[in-house]
Amino acid sequence: QRYEDGTVSFLGIMAVKDGLARLRTLNMAHVRLHTWSLRDYLASALLSMRHSNGAAVAELYGPRPGTGPDRAGSICAFNLKGPD
């Protein structure tokens, strides 16, 4: 269902209390490692994708996959490129 800009997700509001309780039980180092691993997976997948002519599908900015969570955060900056 589509909402206007600024319309609050009422189902999301109901989940805030449980979400915050769950976050309190987590070790933030594990959260950091997990979000970094998601970024690393995305970056690897984007770099492996090619157009039919062999051109890269994406250009990544920042650390390459495998850099490690101490040198790369969980943000994956990229541009999608055309085949030419």
Open item on the list: Using the salt bridge (charged side-chain N to carboxylate O under 4.0 Å, His left out) criterion, which residues pair with R64? Sequence neighbours excluded.
Closed with: none
Open item on the list: Going by the rule side-chain contact (heavy atoms from CB on, under 4.5 Å), which residues pair with D70 if we only count those two or more places apart in sequence or in a different chain?
Closed with: R32
Open item on the list: Listing request: all side-chain hydrogen bond (donor to acceptor under 3.5 Å, both in side chains) pairs with a residue in residues 44-53, at least two apart in sequence or in separate chains.
Closed with: none
- [ ] May I ask you to list the residues sharing a hydrophobic cluster with L80, side-chain cutoff 4.5 Å, ordered by chain and number?
- [x] L42, L46, L47, M49, V57, L60, F78
Open item on the list: Please enumerate all residues that pass side-chain contact (heavy atoms from CB on, under 4.5 Å) together with S37, with sequence neighbours excluded.
Closed with: H34
- [ ] Taking side-chain hydrogen bond (donor to acceptor under 3.5 Å, both in side chains) as the test, write out the residues that go with D18, two or more places apart.
- [x] none
Task: side-chain hydrogen bond (donor to acceptor under 3.5 Å, both in side chains) partners of residues 75-84, not counting sequence neighbours, each pair once - done: Y61-N79
Open item on the list: Suppose we screen for side-chain contact (heavy atoms from CB on, under 4.5 Å). Which residues come up paired with R24, at least two apart in sequence or across chains?
Closed with: L20, A21
Open item on the list: For I75, I'd like to know if atom CD1 has over 12 heavy atoms of other residues, nucleotides or ligands within 6.0 Å.
Closed with: no
Open item on the list: Starting from W36 and following side-chain heavy-atom contacts under 4.5 Å between hydrophobic residues (I, L, V, M, F, W, Y), which residues can be reached?
Closed with: L33
Open item on the list: Using 0.5 Å steps for rounding, measure from the SG atom of C76 to the CZ atom of R39.
Closed with: 5.0 Å
TODO: Search all heavy atoms of D40 against all heavy atoms of G66 and return the closest pair with its distance.
DONE: OD1-N, 2.6 Å
Task: Partners passing side-chain contact (heavy atoms from CB on, under 4.5 Å) against M28 (at least two apart in sequence or in another chain) - done: V31
